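Computed from a predicted structure; not experimentally measured. Remember, it's 1-based here, ligands and their atoms both numbered in the order they're listed.
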Amino acid sequence: MPFSVTTPIYYVNSDPHLGHAYTTVAADVLARHHRQRGEDVFFLTGTDEHGAKVARAAEEAGLTPKEFCDRVSARFRDLVAKLNATNDYFIRTTDPEHEARVQDFLVRLRDAGHLYEDTYAGLYCTGCEQFYAEGDLEQPGNICPLHKTPVEWLEEENTFFRLSAFTGPLLELYDRDPEYVVPRTRYNEARSQIEAGLNDLSVSRASVSWGVPLPWKPEQTIYVWVDALLNYHTALEYGTGTDVSATFWPSTHLLGKDILRLHCVLWPALLVAAGYEPPRKLFVHGYLTSGDQKMSKSLGNVIDPLQVIADLGADALRFYVLREVQFGQDGSVTRDGLDRRYEGELANDLGNLVSRTTAMIARYRDGRVPEGETALEPVHERVAERIDALDLTGALEEIWTLVRAANRYVEDAAPWALARSDDPADAEKLDTALYTLADAVRALGVLLHGYIPEASERILAAVGDPGATGWERAGLGLTVAGTAVEQPPPLFPRLAAAGA
Ligand code: MSP
C-alpha cells in the first residue's frame with residue numbers, strides 16, 4: 001500500500017530551530033521505514049509563506065514579502081537537506097501552482113454551497129492584524145496584550161465557511177476509527193472540541209494583502225490557514241510534475257499540539273465539504289522544551305540544529321530528539337543531554353559494538369564471518385509494530401534492547417578468551433560468537449536505517465552488506481558465512497576528537 005506522510009509547513013517569519021527539525025526527522029524516519037518495506041512513499045515538507053505575520057517580518061527586514069520568503073524558505077530547505085531528510089517535494093505556498101489550486105478549491109467550496117457572505121465584526125489590533133476576544137485583552141480599555149495599545153472595533157464583509165454544518169460528519173469520522181488521531185489524549189481533545197459545537201469560520205481577509213486573492217473578490221485574500229492546509233493535497237497534484245494524488249492521498253499528517261484544532265477539525269471538514277477524502281491519520285506530538293518552556297524563537301531558548309549537525313552530525317540530532325522525548329509527549333532537551341547520549345549510547349553502546357565486532361573478526365578469522373547460528377533474539381517484529389503505532393521512541397527502545405543484548409553477549413562470550421584456547425570446542429564457540437555479533441551488527445544497520453541513516457550505511461558497508469536496508473533483512477541469522485568484514489573508522493568520534 002502506498003504511504004504518504006507530511007510535516008506541517010513551517011512559517012518563514014523566523015529561522016528554523018530544533019523544534020522544527022523535530023517533525024521533519026520524525027516524518028523522515030517513517031518515510032524511510034516504509035520504503036524499507038518496499039512501499040511507494042511520498043514524503044512532503046515545505047514552508048508556509050503568506051499572511052500578515054510574514055508580511056510584517058519582511059517589512060522589518062526591509063525586503064518585499066517574496067524576497068523575504070525566498071531567503072527564509074531557503075534556510076528551511078537547507079535544514080531539511082542537512083538533516084538527511086528524504087522528502088519527495090518541498091512545497092512553498094508561494095508556488096504559483098499551489099496558489100492556483102487554492103483558488104480552485106475555494107470555487108469548489110462555493111459551488112457546493114458551503115460558503116456565504118457576512119459581516120465579520122470584532123475587536124481588532126492592527127499591530128497584530130488579528131481579531132481578539134474581549135477576554136484575551138487587558139482591561140480596562142481593551143488593550144492588546146502584545147502591543148499595549150487599545151484595539152479598535154472593526155467590521156468587514158467576509159466570506160464564511162459553514163464549518164458548523166460538519167459536526168456530524170466529523171463525529172462519524174472519529175467514531176469509525178478510534179485511532180484517527182493519535183495519541184488517545186489528543187483524539188479525546190479533538191473529539192470534544194467537535195462535540196462542543198463548531199462556529200462558522202471566516203475564510204477571507206480584507207485587511208491582509210499578502211495572500212492568495214479570493215477568485216471572485218480579488219481585493220480580499222484567502223485565510224492563510226486554508227491556503228496552508230491545502231498544501232498537503234496540492235503538492236501531490238503538481239510537486240513531481242505528474243498528479244500523484246490518486247496514489248498517495250489520503251496522507252498521514254504529523255503535527256505539534258499547538259495546531260491540533262486546525263488539523264483535526266478544520267482540515268477534515270474542508271476536505272469533506274469539497275468532496276475529497278479526509279486525511280488517513282493525524283499524529284499529534286508534544287513540544288521540545290527548554291527549562292519548562294516550549295522552545296521558541298520568541299522566548300530565545302532555542303537550540304540551533306545546524307550547529308548540532310556541524311558539531312556531531314545529523315545522526316546525533318535525529319537520534320537524540322526521538323530517544324530523549326517520548327514521541328507524543330513534551331520533554332526537555334539540552335545540549336548537555338545531547339552530548340551525553342552521543343557519548344554513552346552512540347559512541348559507546350553502538351560505536352564500540354561495531355568496532356569490536358569487526359576488529360575481532362579481522363583478528364581471529366581473517367576478516368571473514370565464520371559459520372554459525374545466532375544466539376540472540378530478533379527484535380524487528382516488535383520494532384515494526386511500534387512504528388506502525390507511530391511510537392517512534394518505543395521502536396527505538398526496542399532496537400536498543402538488541403544493542404544492549406549484543407554488548408552483554410560480547411562480555412559473556414568473551415571471544416578474546418576463546419581465541420587464546422587450544423580446545424577445538426572453543427574454536428567452534430568463537431565461530432558462534434563472531435557470527436552472532438556480525439549478524440547482530442548487520443541487523444542493527446537495517447533496523448537503524450530510518451533513525452541514523454549515515455551510520456546505518458557505514459555499518460552495512462563494514463559488515464559486507466552495503467545498501468542492504470530492505471526490511472526483510474531486519475531479522476537475525478541472515479548473514480552469509482564467509483562475508484568479508486572491514487573495521488570502519490569510528491562511527492561516532494569522541495567529543496574531544498570531534499572538536500566539540
Ligand atoms: N505554518 C504553521 C503550520 C501550517 S501546516 C498546514 C505553523 N508553523 S510553525 O513553524 O510555527 O510550526 C511548525 C511545526 O513546528 C508545528 O507542528 C509546531 O508544533 C512545531 N514546533 C515549533 N516549535 C516546537 C517545539 N519547541 N517543539 C516541538 N515542535 C515544535 O504552525
Side-chain angles (χ1 to χ4, degrees), residues 5-27 44-55 57 69 72-73 75-77 79-80 83 85 90-95 98 101-102 105 181 186 203 210-212 222-236 251-271 279 282-305 317 320-322 324-334 392-393:
V5 62
T6 69
T7 74
I9 47 173
Y10 303 105
Y11 280 134
V12 290
N13 58 314
S14 61
D15 285 341
H17 60 68
L18 194 65
H20 302 120
Y22 188 42
T23 328
T24 304
V25 166
L44 178 67
T45 187
T47 44
D48 184 357
E49 306 188 6
H50 290 128
K53 254 204 284 203
V54 172
C69 290
V72 186
S73 178
R75 290 183 195 146
F76 278 92
R77 191 193 290 260
L79 173 63
V80 167
L83 287 167
F90 186 97
I91 190 172
R92 300 183 54 186
T93 52
T94 50
D95 288 347
H98 168 77
R101 286 171 172 82
V102 171
F105 188 88
V181 174
R186 301 297 171 201
V203 293
W210 178 237
V212 181
I222 295 165
Y223 178 40
V224 64
W225 264 101
V226 173
D227 162 11
L229 286 164
L230 279 168
N231 93 86
Y232 297 134
H233 202 280
T234 63
L236 296 177
S251 300
T252 293
H253 300 313
L254 306 186
L255 53 129
K257 63 182 185 180
D258 48 340
I259 50 180
L260 174 142
R261 188 182 178 89
L262 291 147
H263 281 81
C264 302
V265 181
L266 175 61
W267 178 224
L270 283 171
L271 287 161
L282 299 129
F283 184 90
V284 184
H285 66 71
Y287 290 153
L288 300 183
T289 63
S290 168
D292 278 341
Q293 288 187 302
K294 177 185 182 193
M295 185 180 293
S296 81
K297 184 74 187 287
S298 52
L299 294 171
N301 59 354
V302 301
I303 294 180
D304 176 3
L317 184 155
Y320 178 66
V321 290
L322 291 172
E324 182 72 21
V325 180
Q326 173 63 42
F327 192 51
Q329 288 166 21
D330 292 351
S332 153
V333 290
T334 61
L392 300 184
T393 308

(message) Any donor-acceptor pair under 3.5 Å linking the side-chain atoms of Thr93 with those of Glu49?
(response) no

(request) Could you list the atoms of ligand 1 found under 4.0 angstrom from a heavy atom of His20? (result) 10 (O), 15 (O)

(request) Verify, without hydrogens or angle tests, whether Thr393 (side chain) and Leu322 (backbone) share a donor-acceptor contact under 3.5 angstrom. (result) yes

(message) Pairs of nitrogen or oxygen atoms closer than 3.5 Å, one from Tyr11 and one from ligand 1: do any exist?
(response) yes

(request) Within a distance under 4.0 Å of any heavy atom of His285, pick out the atoms of ligand 1 and give their elements. (result) 28 (C), 29 (N)

(request) Below 4.0 angstrom from a heavy atom of Gly286, which ligand 1 atoms are there? Numbered from 1 as shown, please. (result) 28 (C)

(request) Say whether Ser73 and Thr47, considering side chains only, have a donor N or O and an acceptor N or O under 3.5 Å apart. (result) yes

(request) Ignoring angles and geometry beyond distance, decide whether Pro8 reaches within less than 3.5 Å of ligand 1 through its nitrogen or oxygen atoms. (result) no

(message) Counting only heavy atoms, tell me which of Thr7, Thr24, Ile259, Ile9 gets closest to atom 2 (C) of ligand 1.
(response) Ile9

(request) Would you please indicate yes or no on a ring centroid separation below 6.0 angstrom for His17 and Tyr22? (result) no

(request) Using the test side chain to side chain donor-acceptor pair (under 3.5 Å), find all partners of Thr234 that sit at least two apart in sequence or belong to another chain. (result) His98

(message) So is Trp267 touching ligand 1 or not, going by heavy atoms under 4.0 Å?
(response) no

(request) Please work out which of Val284, Val302, Asp258 has its closest non-hydrogen atom nearest to atom 18 (C) of ligand 1. (result) Asp258

(request) Could you list the residues that satisfy side-chain contact (heavy atoms from CB on, under 4.5 Å) with Val265, not counting sequence neighbours? (result) Leu170, Gln193, Ile194, Leu198, Arg261

(message) Looking only at distances, can you tell me whether any N or O atom of Tyr287, backbone or side chain, sits closer than 3.5 Å to an N or O atom of ligand 1?
(response) no

(request) Give the numbers and elements of all ligand 1 atoms closer than 4.0 Å to a heavy atom of Asp48. (result) 1 (N), 2 (C), 4 (C)

(request) Within a distance under 4.0 Å of any heavy atom of Leu288, pick out the atoms of ligand 1 and give their elements. (result) 25 (C), 26 (N), 27 (N), 28 (C)

(request) Show which atoms of ligand 1 fall inside a sub-4.0 Å distance from at least one heavy-atom site of Leu229. (result) 6 (C)

(message) Can you confirm whether the side chains of His20 and Tyr11 place a donor and an acceptor under 3.5 Å from each other?
(response) no

(request) Tell me which protein heavy atom sits closest to atom 25 (C) of ligand 1, plus the residue, atom name and distance to 0.1 Å. (result) Gly19 CA, 3.6 Å

(request) Before giving the answer on ring-ring contact (aromatic ring centres under 6.0 Å, His included), spell out for His263 and Phe283 the whole-Å C-alpha distance, their side-chain angles and the decisive distance to 0.1 Å. (result) CA-CA 10 Å; His263 281 81; Phe283 184 90; over 10 Å; no

(message) Using the ring centroid of each side chain, check whether Phe76 and Phe90 are separated by less than 6.0 Å.
(response) no

(message) Give the atom numbers and elements of ligand 1 that come within less than 4.0 Å of a heavy atom of Gly256.
(response) 17 (O), 19 (O)

(request) Using a strict cut-off of 4.0 Å, indicate which atoms of ligand 1 neighbour a heavy atom of Met295. (result) 23 (N), 25 (C), 26 (N)

(request) Decide, yes or no, whether a salt bridge links Lys257 with Asp330 under the criterion of side-chain N to carboxylate O below 4.0 Å. (result) yes

(message) Could you identify the single nearest non-hydrogen protein atom to atom 13 (C) of ligand 1 and state the distance to 0.1 Å?
(response) Tyr10 CD2, 3.5 Å

